[in-house]
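Just so it is clear, the values below take in all heavy atoms, side chains as well, and ignore hydrogens, waters and symmetry mates. Lettering follows sequence order; numbering is per chain, from 1.
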Amino acid sequence: HIAEDTSDLLQHVKFQSSNFENILTWDSGPESAPDTVYSVQYKTYGETEWQAKEGCQRITRKSCNLTMETGNLTDLYYARVTAIDAGGRSATKMTDRFSSLQHTIIKPPDVTCIPKARSIQMIVHPTYTPIHTGNGHRLTLEDIFQDLFYHLKLHINHTYQMHLGGKQREFEFFGLTPDTEFLGTIVSSVPTWSKESAPYVCRAKTLPDQTWT
Amino acid sequence: DGVAALPAPQNLSVQSTNMKHVLTWSPVVVPEEIIHYSVEYQGEYESLYMSHIWIPSSWCSPTQGPECDITDDITATVPYSLRVRATLDSLTSAWSTLKHPFNRNSTVLTPPGMEITKDGFHLIIKLEDLGPQFEFFVAYWKREPGAKEHVKMVRRGGIPVHLETMEPGAAHCVKVRTFVKAIRRHSAFSQTECVKVQGETLPL
Amino acid sequence: QEFQFGPCQVEGVVLQELWEAFQAMKDIAQAQDNITSVQLLRKEVLQNVSEAESCYLIHALLEFYLNTVFKNYHDKAVEFRILKSFSTLANNFIVIMSKLQPSQEKEMFSIRESARRRFLLFRRAFKQLDREAAVTKAFGEVDILLTWMENFYQL
């Protein structure tokens with residue numbers, strides 16, 4: 001009996017992770033029919049049993065949120081998808097070994113830019129992740145990455161930049177010209193994991209100088 | 001069988017400046033013929049654990065010029081053995097091996113180039129871009145008795161960066177040096193440059 | 001930027017360069033390991049290691065990796081065309097090893113033994129597998145080792 005090749009039912013089974021939100025995604029194969037259904041299982045690397053993911057059994061969509069199931073930072077995980085078409089043909093494919101610490105992408109920080117007459121203040125807000133400690137405390141990116149710091153740039157009339165950086169949350173660029181527009185970019189950076197977010201961008205115009213009126 | 005009919009390259013040596021490492025040798029000359037060379041390397045691991053293993057260099061296996069940029073091959077602070085041989089069609093020379101293994105911690109670190117400008121009261125510095133292995137320590141102070149020296153770490157060169165907002169009428173001075181994390185060494189400081197808000201850059 | 005494994009300090013190794021080297025090999029190395037139900041560097045080996053123990057444990061693990069894992073994985077590195085990254089990792093492990101000086105003093109005996117028990121857990125699991133499968137698995141678990149080493153890395 002020659003096993004039928006069903007690998008065309010399913011492809012690109014992988015995790016996509018940002019700020020520790022871990023989503024399993026896949027694509028249907030070139031030959032698969034729209035009524036193909038998918039079932040997801042996951043397991044911790046080093047364990048024997050596969051677990052069925054509730055809510056992702058015999059679904060037609062091509063993604064499944066496994067954030068809670070893959071939430072232990074020191075564990076590594078596998079997930080696998082089984083596709084079954086109307087004719088009863090099936091195919092199963094597994095992800096690469098997944099580590100959220102290694103794979104997660106950091107989103108741009110959330111920042112409030114406050115223009116004044118001769119300065120612009122920037123306040124970075126904490127970024128909460130879905131990861132909880134044992135006692136239910138929700139972890140921020142700063143909690144997880146000890147060396148996370150913010151790198152801020154203020155672009156001055158396209159010729160030079162002011163740079164500020166550090167682990168604190170409040171920064172202020174001084175010595176600016178009143179009533180002038182500036183472009184600020186703020187990134188979160190984690191050197192030891194070579195992670196850097198895309199920039200948060202804010203445009204701010206310094207206030208007119210009231211001192212001489 | 002033609003293996004050693006071609007003379008082996010001689011006078012191998014490595015020139016290394018600011019973590020850019022170039023292996024050079026004397027060219028093998030055969031009139032009206034183009035000689036190619038192959039470069040291979042061995043780190044301390046290979047020489048200790050598998051001495052028969054040599055790794056082809058990233059950019060020079062083969063190459064025509066009597067030199068090879070081995071910067072991308074030297075990726076640990078350990079002694080590296082390097083060897084070269086010449087080839088001409090089916091003829092190959094014997095390998096020539098660098099007399100003393102090369103370690104990147106011997107690289108020459110030069111004071112970085114810097115450009116000081118001002119925009120109104122803003123003192124602006126642009127540093128030479130030396131690549132991701134370099135950090136810059138910029139020291140700056142107001143030229144007056146007892147003035148405090150400030151230090152700012154700049155991660156990358158190549159971009160004009162605001163250093164400080166100057167006070168009118170006072171000269172502000174700057175000098176800079178590099179630091180390389182992988183070998184934990186500093187360069188010497190650059191020349192000091194001073195700027196006065198109304199005046200031009202002052203010679204020392 | 002340096003490692004501080006308890007009393008053992010290691011300079012001149014940039015952890016990001018090790019990660020870059022391993023990331024270039026990770027998918028192909030781990031894809032060869034289809035025993036998903038066994039983890040050699042498991043929690044009992046690496047979790048809750050005291051500072052004092054850490055120097056002994058990293059010394060034993062790196063020595064094993066250099067003498068056994070890398071040595072037997074070399075031909076695969078050639079086969080999978082990852083020799084350059086493999087060499088970067090191995091040579092940087094040599095740098096770390098050369099700078100570790102775990103104390104041999106008597107009063108450190110119990111700490112040394114605790115680290116040794118952890119290492120033996122790892123080696124026993126390694127020996128329970130077929131030799132080639134064990135080498136492949138151990139090499140694929142370098143990211144677990146690097147993740148643990150992060151705890152001792154100071155910017």
Chi angles and distances behind the side chain to side chain contact (heavy atoms under 4.5 Å, CB included) call for B:Y45, C:K71: CA-CA 10 Å; B:Y45 171 76; C:K71 194 165 192 180; 4.2 Å; yes
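No donor-acceptor pair closer than 3.5 Å links the side chain of C:N91 to the backbone N or O of B:A76.
Under the 4.5 Å side-chain criterion, counting only non-hydrogen atoms from C-beta, C:N67 is in contact with B:Y49. Side-chain contact between B:Q133 and C:V14 is absent, with no heavy atoms from C-beta onward closer than 4.5 Å.
In this structure, CG on C:L83 lies 7.0 Å from CD on B:E46, to the nearest 0.5 angstrom. Residue B:K181 holds its NZ atom at 14.5 Å from CD of C:E11, rounded to the nearest 0.5 Å. We find the OH-OG distance between B:Y80 and C:S87 to be 5.0 Å, quoted to the nearest 0.5 Å.
Proximity to chain C is limited to the side chain of B:I53, based on heavy atoms less than 4.5 angstrom apart. For C:L18, no part lies near chain B; criterion is any non-hydrogen pair under 4.5 Å. Both the backbone and the side chain of B:D73 come within less than 4.5 Å of a heavy atom in chain C. At a 4.5 Å heavy-atom cutoff, C:F93 makes no contact with chain B through either its backbone or its side chain.
Side-chain contact, C:E17 with B:T75: no donor N or O sits under 3.5 Å from an acceptor N or O.
Annotation for C:R81: atom CZ does not count as buried by contact number, only 12 or fewer foreign heavy atoms lying within 6.0 Å. Within a 6.0 Å sphere centred on CD of C:E132, heavy atoms belonging to other residues, nucleotides or ligands number 12 at most. Within a 6.0 Å radius of CH2 in B:W59, other residues, nucleotides and ligands contribute 12 heavy atoms or fewer. Counting non-hydrogen atoms of other residues, nucleotides and ligands closer than 6.0 Å to NE2 of B:H100 gives a total of 12 or fewer. More than 12 heavy-atom neighbours from other residues, nucleotides or ligands sit within 6.0 angstrom of NZ on C:K43. Residue B:E67 places its CD atom among 12 or fewer non-hydrogen atoms of other residues, nucleotides or ligands, all under 6.0 Å distant.
When every heavy atom of C:V95 is checked against every heavy atom of B:T77, the shortest pair comes out as CG2-O, 3.6 Å.
Of the charged side-chain nitrogens involved, none lies within less than 4.0 Å of a carboxylate oxygen, so that B:E40 and C:K84 do not count as a salt-bridged pair.
By number of non-hydrogen pairs under 4.5 angstrom with chain C, the leading residue of B:I74, B:I55, B:L48 is B:I55.
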